[in-house]
J.: 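One structure, pasted below without further comment.
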Amino acid sequence: MKKITMVLFLTLVSFSGFAQRVADQVIKMNSKIEDLTQNAITGIIVVKEGNVVRGISPETKAEVWSFDADKVVGNVSALETLSNVDTDNLFASKRILKPIDGTVYVEALVNFKTILINTEDGKVVYNSANYKYTVFNSQFLYKDNEYLVKGVENGKVIASLIDLNTGDVKWKTEQGEAKSMLSSMFTFKANTSNEAQVSSNMIYSLYYGKLSAIDRTNGNLKWVGDLEYTKVFPTQNNTNLVVINSKGLLSAKQYLNVLDAQTGKPIWEDAIKTKYIVYLEDWGTKILVAHNSGFNFFNLNDGSKVWKKDARGEGLKKVIPIDGDYLYVAENEMMLIDKDGQKKWKSFIEISDNKEDAINYLGKVDDKVLYLTATYGNLVDYKSGKKLWRGNLKFNESRPLLNVFDEENNQFLVYNDEKLFKFDSKGSDKPDAFAKVNVKKEKELNSIELFSWGVALSGPTEVMGVSKDGKVLYQNIYTQPGDGGRAWGSALATAGSIGLGVASFGNAVMGSEWTMTTIDPATGKETTSVVKEKDEALLKKSANQAAGAAFLGDVSKRFGQRYQAMKQNRDYSYIFAKDEATSKKVLVKVKKEDGKELDKIIFENIRPIYEIDPGTQSIYYIFENELRIFNKKI
């Protein structure tokens with residue numbers, strides 16, 4: 001422990017003398033800047049201030065385009081249709097600027113109008129002000145460079161498809177009556193999903209649970225469903241739709257059924273009724289449905305079961321397909337079955353203390369199954385189902401559990417409760433800790449990264465490097481700005497925990513999005529659709545910009561609050577902290593490989609909004625009417 005204290009002391013002394021710095025460039029604007037974002041393809045930084053939207057070059061840091069929203073988009077006017085829509089869903093959940101992943105576009109909410117900006121030249125390729133409807137949902141359709149919008153016009157819900165190659169409206173279709181603001185307040189929130197599902201020739205659109213089928217070519221409304229649904233999945237045979245509906249204020253029950261895609265009518269006589277859906281697989285003529293009380297294959301045409309009996313286990317919460325088999329967890333036990341639903345192990349294997357424990361890792365490693373839960377870790381022989389260690393390695397469920405795979409040594413490095421362990425698939429017994437460390441704010445740790453020398457542990461206010469032989473190489477500790485009552489550290493720790501599986505089982509299941517895996521029935525392999533590639537030069541430019549810099553994660557984005565504090569990627573932590581020497585608010589850039597503090601820039605507000613260009617590592621920070629640019633220092 002003395003050794004750790006010495007490292008800590010040296011670290012704090014050396015960094016307290018690191019000079020803060022002001023911006024390399026300041027672009028002053030006419031009014032307060034409301035938002036900024038970066039487009040990953042073009043690299044352009046888009047800024048919204050007052051009635052002006054600007055594009056900033058990542059290379060020259062100069063403005064390359066701008067437009068006056070009042071002139072190009074239209075002035076703010078009375079929103080006559082607001083009484084017919086839920087204003088919370090319409091505006092509160094939307095950022096002013098939102099990049100459309102994999103495209104040159106940024107979507108913007110300007111003057112209460114939805115627009116789409118081509119960041120190459122600043123041209124507005126779609127402007128909802130040109131139409132009579134108020135947009136409440138939009139969706140980019142990659143395959144044909146199209147933009148699907150849904151809105152409300154004269155009390156009716158409409159869907160419209162825009163060809164972004166020409167700017168033409170391909171069609172506009174009326175779907176039905178719009179919900180009033182009052183009635184929407186009493187509509188179960190899961191039924192407000194507006195995401196459309198698109199097949200080769202149809203668009204299946206949901207609005208407050210009402211499902212419509214629209215011909216993608218001409219916009220003809222084929223049918224509107226009689227029942228309300230929460231989620232819809234087109235099957236690969238293009239003749240069926242799998243639908244899920246949640247009933248009750250707290251979603252106490254979920255129902256799964258299959259519809260005829262031509263008519264929208266249910267083809268199963270009895271829907272699957274359960275507490276929750278866990279996992280779905282589409283096999284063309286049959287679907288695998290895993291839910292609370294078990295799972296089975298069901299024939300798409302009549303709903304009959306393929307297996308004689310369900311793979312049972314009350315409280316099913318995870319299903320993993322492995323080499324044609326299925327590894328699944330029911331409450332706090334796991335079982336392996338084959339493709340015919342037959343057990344491959346003699347008995348269930350307990351993997352945690354109770355059914356609420358989160359599963360941090362579960363999968364096949366060599367010829368073993370490794371499980372890491374909130375309370376236990378162990379290896380199981382894949383063929384026999386026997387635990388290989390005499391007893392589970394016990395974890396502290398109230399502390400973060402982080403793991404990373406060391407490919408070179410074919411082992412997992414696992415952190416929990418200020419200890420690090422090596423999980424070797426060839427080990428004959430549970431490992432002892434190879435390192436014991438003193439973490440100041442352990443519950444806030446949210447990342448573990450592997451390097452040739454060991455691992456870096458990081459959180460909102462701390463970064464630590466530990467070698468593979470257990471030596472603490474560095475430990476940087478920072479103080480968060482703000483009073484204790486409004487400090488953001490605890491919130492960020494929760495965000496990191498959710499991402500790492502520390503959240504409760506209830507949150508993990510009920511709060512997650514349902515997805516359906518598509519399987520090629522001939523080969524048993526997952527199939528993926530290919531998105532039409534855009535401009536090759538732009539894609540190459542984007543790849544070059546991101547070279548050497550992994551995605552910059554923002555651990556606060558999982559929450560509704562519109563502020564960003566800590567960001568990090570594999571190589572760097574950007575920590576929002578209070579400088580000990582001056583008490584000023586600063587963003588500190590720390591290199592995870594060696595713990596060196598590479599930069600310290602001054603931020604002046606408690607909830608900073610900023611972007612970090614992954615290609616140039618420049619930082620763009622907005623303060624009132626100034627865009628402050630900090631170039632990469634080291």
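Worth saying up front: this structure is predicted, and the values here are computed from it rather than measured.
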J.: Excluding sequence neighbours, so at least two apart, what forms side chain to side chain donor-acceptor pair (under 3.5 Å) with E281?
T.: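 Scan of E281 (side chain to side chain donor-acceptor pair (under 3.5 Å), adjacent residues dropped) gives Y279, W283, Y326.
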J.: Suppose we screen for ring pair (Phe, Tyr, Trp, His ring centres under 6.0 Å). Which residues come up paired with W223, at least two apart in sequence or across chains?
T.: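 For W223, no residue satisfies ring pair (Phe, Tyr, Trp, His ring centres under 6.0 Å) once neighbours in sequence are set aside.
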J.: Side chain to side chain donor-acceptor pair (under 3.5 Å) with N237: which residues, sequence neighbours excluded?
T.: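 Checked N237 against side chain to side chain donor-acceptor pair (under 3.5 Å); matches are T235, T239, N240.
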J.: Sequence neighbours left out, what passes side chain to side chain donor-acceptor pair (under 3.5 Å) with N403? Give chain and number order.
T.: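 For N403 there are no side chain to side chain donor-acceptor pair (under 3.5 Å) partners, ignoring immediate neighbours.
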J.: Do any pairs count as a ring-ring contact (aromatic ring centres under 6.0 Å, His included) and have a residue in residues 359-384, sequence neighbours left out, and if so which ones?
T.: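 Non-adjacent pairs meeting ring-ring contact (aromatic ring centres under 6.0 Å, His included): Y361-F412.
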J.: Side chain to side chain contact (heavy atoms under 4.5 Å, CB included) with T166: which residues, sequence neighbours excluded?
T.: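 T166: side chain to side chain contact (heavy atoms under 4.5 Å, CB included) contacts with D163, D168.
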J.: For D302, give me all partners under side chain to side chain contact (heavy atoms under 4.5 Å, CB included), at least two apart in sequence or on another chain.
T.: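 Side chain to side chain contact (heavy atoms under 4.5 Å, CB included) check on D302 returns N299, S304.
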J.: Under the side chain to side chain contact (heavy atoms under 4.5 Å, CB included) rule, collect the residues that match up with N257, sequence neighbours excluded.
T.: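 N257: side chain to side chain contact (heavy atoms under 4.5 Å, CB included) contacts with V243, P266, W268, A271.
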J.: What pairs meet the salt bridge (charged side-chain N to carboxylate O under 4.0 Å, His left out) rule with one or both residues in residues 360-375, with sequence neighbours excluded?
T.: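 Pairs touching residues 360-375 that pass the test: D323-K364.
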J.: Could you pull out all residues at least two apart from D353 that satisfy salt bridge (charged side-chain N to carboxylate O under 4.0 Å, His left out)?
T.: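 For D353, the residues satisfying salt bridge (charged side-chain N to carboxylate O under 4.0 Å, His left out) (neighbours in sequence not counted) are K394.
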J.: T285: what forms a side chain to side chain contact (heavy atoms under 4.5 Å, CB included) with it, not counting sequence neighbours?
T.: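 For T285, no residue satisfies side chain to side chain contact (heavy atoms under 4.5 Å, CB included) once neighbours in sequence are set aside.
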J.: Who are the side chain to side chain donor-acceptor pair (under 3.5 Å) partners of D381, not counting sequence neighbours?
T.: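 D381: side chain to side chain donor-acceptor pair (under 3.5 Å) contacts with S384.
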